[in-house]
Amino acid sequence: MNFKHELAAILYEILGQEMEAKELELLIEKPKNQNHGDLAFPCFTLAKLKRKAPQIIAQELSEKIQSPYFEKVEVVGAYLNVFLNKKLAAENVLAEINSKQGAYGSLNIGNNRNITIDMSSPNIAKPFSMGHLRSTVIGNSIALIAEKCGYQPIRINHIGDWGTQFGKLITAYKLWGDAEKVRQNPIKELLTLYIKFHDEAETNPELIDQGRSWFKRLEDADQEALELWQWFRDESLKEFSRIYELMNVHFDSFAGEAFYNEKMDRIVQLLEEKNLLVESNQAQVVELLEQDLPPCLIKKSDGATLYATRDLAAALYRKENYDFDLSLYVVGNEQSLHFKQLIAVLSKMGYEWAEKMVHIPFGMMLKDGKKMSTRKGKVVLLEEVLDESINMARNNIEEKNPNLVNKDEVAKQVGVGAVMFHDLKNFRMNDIEFSLEEMLRFEGETGPYVQYTYARACSILRKAGYQSGTLPKALDSDWEKEWKVITLLMEFPNTIKRSFEQYDPSQVAKYIIDLGQAFNKYYGEVKILEENLEREARLALVSSVTTVLKEGLRLLGIEAPAEM
RNA sequence: GUCCCGAUAGCUCAGCAGGAUAGAGCAACAGUUUCCUAAACUGUAGGUCGGAGGUUCGAAUCCUCUUCGGGACGCCA
């Protein structure tokens, strides 16, 4: 039931041709202050149109509005404040949630079409750092929200397993590496070599050339280079999969940059055929003057390919293999120019689907106000943070609920949930200063707060022996104390829609915090289990809250333990 | 130099398709457990919404300029 729509229709009826119903609906707003009712209609715009004082218009309208949906209409200044029929609204939303359960809030914007999501995409042979958390967690949540909106999400881990960095790594390994050490502790050892390479290169620039030449050998399928590369790659993926498992993130494709190695000739050829490739300082570029962008580098002067070349091949491959309706790239803000160029080149090539590609940027994870750099060894390992968080959750359980049966499982859900929620709760463009203390906070606006609220609500339902899906015919309540919670429950579908349209999981995160706060307040002032006439109504409300909190957490990729 | 982001309470952030007294959390202080999990709840205190103009009946929200911070700008990815 859409009350806003209803009000707009009634106003349209009263006003006649004055304004379109759609325009009227856009003017209707939700008052911040609950004393001002549930819907408000400011009459300033009409006042101008009718050349009449807004207060008078509000007064006239208020006298004409009659609807079973609205129990009261007040005039405050130029505002028409409308109060919903609480009983009707409450019973309506509770019935809907009860019948749809987890499917409440699902939409069909996507019409089952494919949406590819380029996410996570770490560079192998480097540790999985906090920096990679963002793309992984934001991408995963957008995939889940897209699915909720009727799309088929295809999660693609475009792993960085190709490029000059591997030439550098091979160079370092050949110079200083020890096979036994690498076998024992692969990522750590490879990272040490990588850092050493950059330290040495500062005084010995010749190393950089060696790195480039090893990469060239890799591209030319040199046996030794390929074997080392394969080895580094396998070891890295083994470590990454452990972390993905911990966060419950899974991929439909691991086609990384190397995958496109033999697909790049075609791109270069296509560019040549379309006369887009020009030589510039021995390199091959596509000029993007009319788009007001710097040229896009396709081939280096030594003939080796670049990031953009591989991304062009990948875009084409994805269109041909997944026939995406939308293609999202959840990649840091610092790569904005790269994606603008990528899309511009594809447009120049005549692919109109280029405009269906969307870069979804996000701010950086900073350390001491600066970018974390693998090269300088300034990294924080995600796995260490997750382990510490799980440990802390475990200690909390020991202290607060020592009789819990599946402590380890719950500690994992809460610990990992805390870290993921922390990354998702704020608008993605904001930079985040890394703070372990902040990340491992379990109180206030945090993942564990929402999980805890959910667990308490579940506990009530258990004690009451409540069976979900058994909504009584008559719910006896005036819904006064429940009203804030009810209005939030009604907002859930709209929140999902906005969250998808803006590719912004933080809207869902904020929503479940709001719902949690409203419910905890209610929990504090009302004895839900008390035996009286309204008990059934209260339990129906609690049941709906659990359904929506759990679904909200799920859309963020976070689990909801029934006890903690 | 050009371009892209950001700036709101001591700290972290909401609010930004313009609207009624600018909201949370953390930290501080004062309370709440004979009662459904206190990872919770209640209350107090805390703000010239970076600055200056402009548009408007009305601006934290839109436009212009400006200051500060971060980032990107051809052979890394």
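What you see is a predicted model; the values in this text were computed from it and never measured. Numbered from 1 within each chain, the chains take letters A, B, ... in sequence-line order.
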Regarding A:Glu25 and A:His5, is there a side-chain donor-to-acceptor distance under 3.5 Å anywhere? yes
Considering every strand and a 4.0 Å limit on heavy-atom distances, what is the contact class for A:Phe427: base, sugar-phosphate, or nothing? sugar-phosphate
If you apply the rule side-chain contact (heavy atoms from CB on, under 4.5 Å), what do you find for A:Lys407 with A:Glu398, and how did you get there? CA-CA 8 Å; A:Lys407 288 179 189 169; A:Glu398 245 13 289; 3.1 Å; yes
Should A:Glu530 and A:Arg538 count as an ion pair when the cut-off is N to O under 4.0 Å? no
How would you label the contact of A:Gln517 with the nucleic acid (heavy atoms, under 4.0 Å): base, sugar-phosphate, or nothing? sugar-phosphate
In plain terms, say whether A:Asp220 and A:Lys216 are close enough for a salt bridge, that is, a side-chain N and a carboxylate O under 4.0 Å apart. yes
What I want to check is whether an N or O donor and acceptor connect the side chain of A:Ser280 with the base of B:rG74 at under 3.5 Å. yes
Applying a 4.0 Å non-hydrogen cut-off, can you work out what A:Asp292 is touching in the nucleic acid: base, sugar-phosphate, or nothing? nothing
Under-3.5 Å donor-acceptor pair between A:Asn395 side chain and B:rA39 base: no
From CD of A:Glu334 across to P of B:rA72 the rounded distance in Å is 7 Å
Short side-chain N/O contact to B:rG74 OP1/OP2 from A:Lys300, under 4.0 Å: no
Sticking with atom C1', work out how far B:rA30 lies from B:rG71, rounded to a whole angstrom. 45 Å
Regarding A:Val286, tell me which of base, sugar-phosphate or nothing describes its non-hydrogen contacts under 4.0 Å with the strands shown. nothing
Nearest-Å distance, CG (A:Leu46) to C1' (B:rC57)? 14 Å
State whether A:Asp199 and A:Lys196 are salt-bridged, where the test is any N-O pair (Lys NZ or Arg NE/NH1/NH2 against Asp/Glu carboxylate O) under 4.0 Å. no
Is there a stack between A:His338 and B:rA77, judged by ring centres under 5.5 Å and planes under 30°? no
Reckon A:Arg456 has a side-chain N or O less than 4.0 Å from the OP1 or OP2 of B:rA38? yes
Given B:rG70, is OP1 or OP2 found less than 4.0 Å from the side-chain N or O atoms of A:Asn430? no
With syn defined as a glycosidic torsion within 90 degrees of 0 and anti otherwise, which applies to B:rU34? anti
Categorize A:Gly524 for me: base, sugar-phosphate, or nothing, with a 4.0 angstrom heavy-atom threshold over every strand shown. nothing
So A:Glu563, base contact, sugar-phosphate only, or nothing? Heavy-atom distance under 4.0 Å. base
To the nearest Å, how far apart are A:Leu169 CG and B:rA77 C1'? 14 Å
Upstream residue (5' side of RNA chain B) when A:Asp302 and A:Lys48 are each assigned their closest nucleotide: A:Lys48
Give none if B:rC35 has no partner; otherwise give the nucleotide forming a Watson-Crick or G-U wobble pair with it, both distances under 3.5 Å. none
Within 45° of the axis and under 6.0 Å from the centre of the six-membered ring of A:Phe259, does NZ or CZ of A:Lys263 qualify? yes
So, is A:Ser459 near the phosphate of B:rU37, with a side-chain N or O under 4.0 Å from OP1 or OP2? yes
A:Lys463 side-chain N/O to B:rU37 phosphate OP1/OP2 under 4.0 Å: yes
Quick check on B:rU12: is either OP1 or OP2 less than 4.0 Å from any side-chain nitrogen or oxygen of A:Ser435? no
Assigned partner base of B:rC57, Watson-Crick or wobble definition, under 3.5 Å: B:rG19
Measure from CE on A:Met429 to P on B:rA14 and round the result to the nearest Å. 12 Å
Within the structure shown, what part of the strands sits under 4.0 Å from A:Glu443 by heavy-atom distance: base, sugar-phosphate, or nothing? sugar-phosphate
Looking only at the side chains, is there a donor atom on one of A:Glu563 and A:Ser459 sitting less than 3.5 Å from an acceptor on the other? no
Under 3.5 Å for both donor-acceptor distances, Watson-Crick or wobble: does B:rU42 have a partner, and if so which one? B:rA30
Quick one: is the NZ or CZ of A:Lys72 closer than 6.0 Å to the six-membered ring centre of A:Phe83, and within 45° of its axis? yes
Between atom NZ in A:Lys425 and atom C1' in B:rC11, what is the gap in whole Å? 12 Å
Using a cut-off of 4.0 Å on non-hydrogen atoms, how would the nucleic acid contact of A:Ala40 be classed: base, sugar-phosphate, or nothing? base
Classify the side chain of A:Ser301 and the base of B:rC75 as holding, or not holding, a donor-acceptor pair under 3.5 Å. yes
Under 4.0 angstrom, heavy atoms only, what part of the nucleic acid is A:Lys527 near: base, sugar-phosphate, or nothing? base
May I ask you to verify if any side-chain N or O of A:Arg441 is less than 4.0 angstrom from the OP1 or OP2 atom of B:rA39? no
Watson-Crick or G-U wobble mate for B:rG25, both contacts under 3.5 Å: B:rC11
Between A:Lys299 and A:Leu529, the residue closer to the 5' end of RNA chain B by nearest nucleotide is A:Leu529
Under 4.0 Å, counting only non-hydrogen atoms across every strand here, what does A:Ile28 touch: a base, just sugar-phosphate, or nothing? nothing
Sugar-phosphate only, base, or nothing, as touched by A:Met564 at under 4.0 Å among non-hydrogen atoms: base
Using a 4.0 Å heavy-atom cut-off, does A:Val414 contact any base of the nucleic acid, only the sugar-phosphate backbone, or nothing at all? base
Is A:Arg310 near enough to B:rA77 that one of its side-chain N or O atoms lies under 4.0 angstrom from OP1 or OP2? yes
Which whole-number value in Å describes the distance from A:Asn396 CG to B:rU37 C1'? 13 Å
Have a look at A:Ile528 and say if it touches a base, only the backbone sugar-phosphate, or nothing, with a 4.0 Å heavy-atom cut-off. base
Check whether any side-chain N or O of A:Tyr307 sits under 4.0 Å from OP1 or OP2 of B:rA77, and answer yes or no. no
Return the nucleotide paired to B:rU2: Watson-Crick means purine N1 to pyrimidine N3 with N6-O4 or O6-N4, wobble means G-U with N1-O2 and O6-N3, both under 3.5 Å. B:rA72
Using a strict threshold of under 4.0 Å (side-chain N to carboxylate O), is an ion pair present between A:Lys550 and A:Glu559? no
How long is the line joining CG of A:Leu342 and C1' of B:rA72, in whole Å? 16 Å
For B:rC65, which nucleotide in any strand shown is its Watson-Crick or wobble partner with both distances under 3.5 Å? B:rG51
Distance check needed: B:rC76 P versus A:Asp209 CG, whole Å only. 10 Å
Base, sugar-phosphate or nothing for A:Lys521? Non-hydrogen atoms, less than 4.0 Å. sugar-phosphate
A:Tyr449 side chain near B:rC41 phosphate (N/O to OP1/OP2, under 4.0 Å): yes
Which one, B:rC76, B:rC73, B:rA39, comes nearest to the side chain of A:Thr164? B:rC76
Quick one, A:Phe442 and A:Tyr449 - any side-chain contact, counting heavy atoms below 4.5 Å? no
